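Report on the structure given below.
Since the model is a prediction, treat every value here as computed from it, not as a measurement.
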Amino acid sequence: MATASELEKIRSNPITEGLNAFRHLFQSTCTDLSIAASCDAVQAVFSTAALQVWPNFFRLHSLLTYIATKNLVLDLIQALQIEPAARILPSRIADRTLSGDLAILYSRVDANQVNIANEPGTPTSNNADIWRAVFELIAQTTPVTPPTPFEKAVFDTPLRSSAASQRGIEQIHNEVDQRILEELTGCVYYDVGGFYERYFEGKPWTNNVRDIYKESRAQYTEGRWSGWPEPSIQGPFFEWFMKFQDTLISRLHRRYYTSANKVLRGSEADRKLDIFLTPADAALPDGEHDWSNVLVIGEHKQNPEEDRSPKTLIRLAGYAREVFGSQPDRRFVPGFTICGSLMRLWVFDRSGLYNSERFDIHIEPERFIGVIAGYALMADAELGLNTFIKRNGTGKYIVAQDLRIYLEDQPIASTKAIVCRGTACYRGRKSDSTEWEYVVKFAWPSDKMQREGELLKLAKERGVTGIAVWFNHEQITIDGGPDTISHLRRDMRFGTPRKLSSKASWVNGSPESRRAYSKASLRGRSGGLGIGASSATTSSSGQKRKRDERLDGGSRLKRSKSNSSHASTANVRIEESELDAIGTHSIQETVVDSLADCRNEWQRNNVDSIQETGADSLTGCESEAYGNRVNYCLVTSPAGRPLHEYQSVKELLEALRDAIRGHRSLLEVGKILHRDMPPKGRLIDLDLAKELNSMPSEARHRTGTTRFMAVEVLEGKGHTYRHDLESFFYVFVWMCIQYGYESMGRQKPNKPLRPKTNILRGWYTGMYTDIARNKMGVMGKNRFESIIAEFAPKFESLKPLARELRSALFPIRDGDIFTGTLHDHGIMYDGMINAFSRAIDRLGKEDQVIA
């Protein structure tokens, strides 16, 4: 029964003559199909009551072709939707109007998700009864449970977590160590054959090591090293080790130290380091060593049984992460463990870590000396330093297109993780200039990914605006050889990666995550045109689709629509062959009249979402032993500043707005999807980007920063432009909470401050599904207020902007928060860009008032 408020709206907005066009269309269709319909009865019905067509309509169903029937239903729904009453009557199932319900019903009928062969109850000519029937129709055709989602083909590079998610004050040991464990899953190799021979034999300094070993024999008696403590507890062991090196390698230009009882400088995670090798002449501010000078890392354990312990591995990996973080252009990090008298050698590179077979330093004294002295004698390149970067009295520089470009001392952006692209961006200048005009980027992308420099050149050729301009890119060579993981790992024998845990903690036990966790086969589901009473079901063929079939951009029309939200998720593909099979290949031939034209326009503008590029799996399984990465150097211009170095709130908003504009140009003009949105202010990072029509990469995985990942990406769904816009939104919110405390008298106002609550911790801790759920949980209209309540004092005035952005990205659809991708790019782009522009205008007016 209608409420008093509904009845008042119905009385004030009676059904108009707008249904006449539909009546004429109905009569014309009957005539064309030679159906004897009672014109008087039809006219009597349609002059006042739209729904009185339904009984006649469905009795004619057996005579009408499927497509004519469907088109007439769509026309009837649209005729009802434009009635004034439909636009003011509130929906009974969601936060919208009845017109919105009809719009969704339209899309569901068009997507073959509603049974148009079921008769509704007998209608009357009374307006109230007509709208009551409409409400009942909406309720009957709204699925109680979400429709069966499509299991789409995996066409995106698998996604995995990395320890880069924890930064600064967030680097609590337990959480960082857990992230490291997740990051290394499937990337750890024990007992690699040929390790010692690869790194310590046949070198220019091999004879020097032999001489040192001969000198050391005086300290080796009765099959043991003299003075070796038993048991080898920490204090006595370090004392023995330091005295031992004093007698053997004190004249070399490198030396071992220990910081087992004191945090090493430069560590945001406050890590101590058992043993490390560093230049003997390294500058020591305040007389203390720094992570930026560490060349080799070492871990000591008293118990030999801890040699293969995960705790030992994680401890050493934590050291390696600190080195990579403090030396952003580092290529790899060597290390060793000594557990009791058992020694094992390690290498950490951008594809993971691997180690040698263990050996007893008492049983193999020459190998022990070969390692200790060998590390001290190695060239910089052999220790993993980036010798592509040259140094002179002026500073460090690279040469690109015969131009010497000097680099700033510290990067404007870098990644603190091990298994990742290892991105490090520096500002650069010409030797005769003091202006920073270039950005020099070092990174280790997969050899299977399209080169970022090539994409930038392509974007430049296509006229893309608002992104970095390509100047040069090249693959780095070191000592005449390609600087790739496969080259670094040459001449060694890798077995099966060690299983660190049964399942990474960021993958839960749900069926969706299990499908994503394993390398899913490329399969698709096709929805038949038989329509059920509620939601259409889909069936899986279980067969692999050919890549060129899916990526075909030719003449065949592949209509693909989905209703993507947390309440209703569906993906229906109507293949041309399926249409032909039931004799409806003329589905594109719509009735050419005013209503049909309107329907086509409505369809173009109101289709809720588009089929995504494919599902992301959370980890990958490849037949190769490890993922090969390539060290690349890219030079672009102009140079900017990191986003957190904003000079005013207005500048920050302009940077974000212009970056979104650049992203839009990249997508719409360059036909390139960015897929990575770190907080850098300007689009300088395209190494995860891909051309929209390109074949899928075969890279093992791609890493991402979980705090800025979109909900659907965390859930393993394919990447679209919407997910990058969502990442922009998270960057904005993060900035407003973590920065902006200048008015509080802090010495470094643009340094991040831990929020008063842990409200953002759920954005980067736990399983991917947990993080997705945490983000969704605060995107509702009311709960979002708890987020913006944390805004820093300087960003207090940006709360209205935050609400606008949230509404643009997370509207209510089907009674729940919508996280899907709209067919029309402009809706979300315009929504965000215009919201930023309005906020910028407001700030300008406020500045004028203050002035």
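How far CG of D658 is from CD1 of I840: 7.0 Å, rounded to the nearest 0.5 Å. Between atom NZ of residue K775 and atom CD of residue E726 there is a gap of 7.0 Å, rounded to the nearest 0.5 Å. If you take OG on S91 and CG on L98, they are separated by 7.0 Å, rounding to the nearest 0.5 Å. The OG1 atom of T819 sits 7.0 Å away from atom NE2 of H723, with the distance rounded to the nearest 0.5 Å.
Taking Y730 as the reference, W763 meet the ring-ring contact (aromatic ring centres under 6.0 Å, His included) condition, with sequence neighbours excluded.
Between T97 and L89, the closest side-chain pair of non-hydrogen atoms is not below 4.5 Å. Side-chain atoms of R664 and H825, non-hydrogen and from C-beta on, never get closer than 4.5 Å to each other. A 4.5 Å side-chain heavy-atom check between I788 and R806 finds every atom pair outside the cut-off. Contact of the L653 side chain with the L801 side chain is registered, since non-hydrogen atoms from C-beta on lie closer than 4.5 Å. Residues F732 and L656 meet the side-chain proximity criterion, which asks for heavy atoms closer than 4.5 Å. Proximity of L809 to F818: side-chain heavy atoms (C-beta onward) are nowhere separated by under 4.5 Å. Two residues are said to be in side-chain contact when any heavy atoms from C-beta on lie closer than 4.5 Å; T769 and E715 fail this criterion. Side-chain contact between L714 and V711: absent, with no pair of heavy atoms (C-beta onward) separated by less than 4.5 Å.
Salt-bridge check for K9 with E6: failed, with every basic side-chain N at 4.0 Å or more from each acidic carboxylate O. Look at D841 and K650 and you find no salt bridge, because none of the NZ, NE, NH1 or NH2 atoms lies under 4.0 Å from a carboxylate O.
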- Dump the intermediate steps for salt bridge (charged side-chain N to carboxylate O under 4.0 Å, His left out) on K799 and E785, then the final yes or no. CA-CA 9 Å; K799 290 182 178 180; E785 294 299 314; over 6 Å; no

- Item | Step-by-step side chain to side chain donor-acceptor pair (under 3.5 Å) determination, Y721 to H663 | CA-CA 9 Å; Y721 73 90; H663 187 278; over 6 Å; no

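Both cation-pi conditions hold for R722 and F810: the charged atom is under 6.0 angstrom from the six-membered ring centre and inside a 45 degree cone around its axis.
Contact between S837 and R661 at its shortest, heavy atoms only, is OG-NH2, 3.9 Å.
D724 and H719 share a side-chain donor-acceptor pair at under 3.5 Å.
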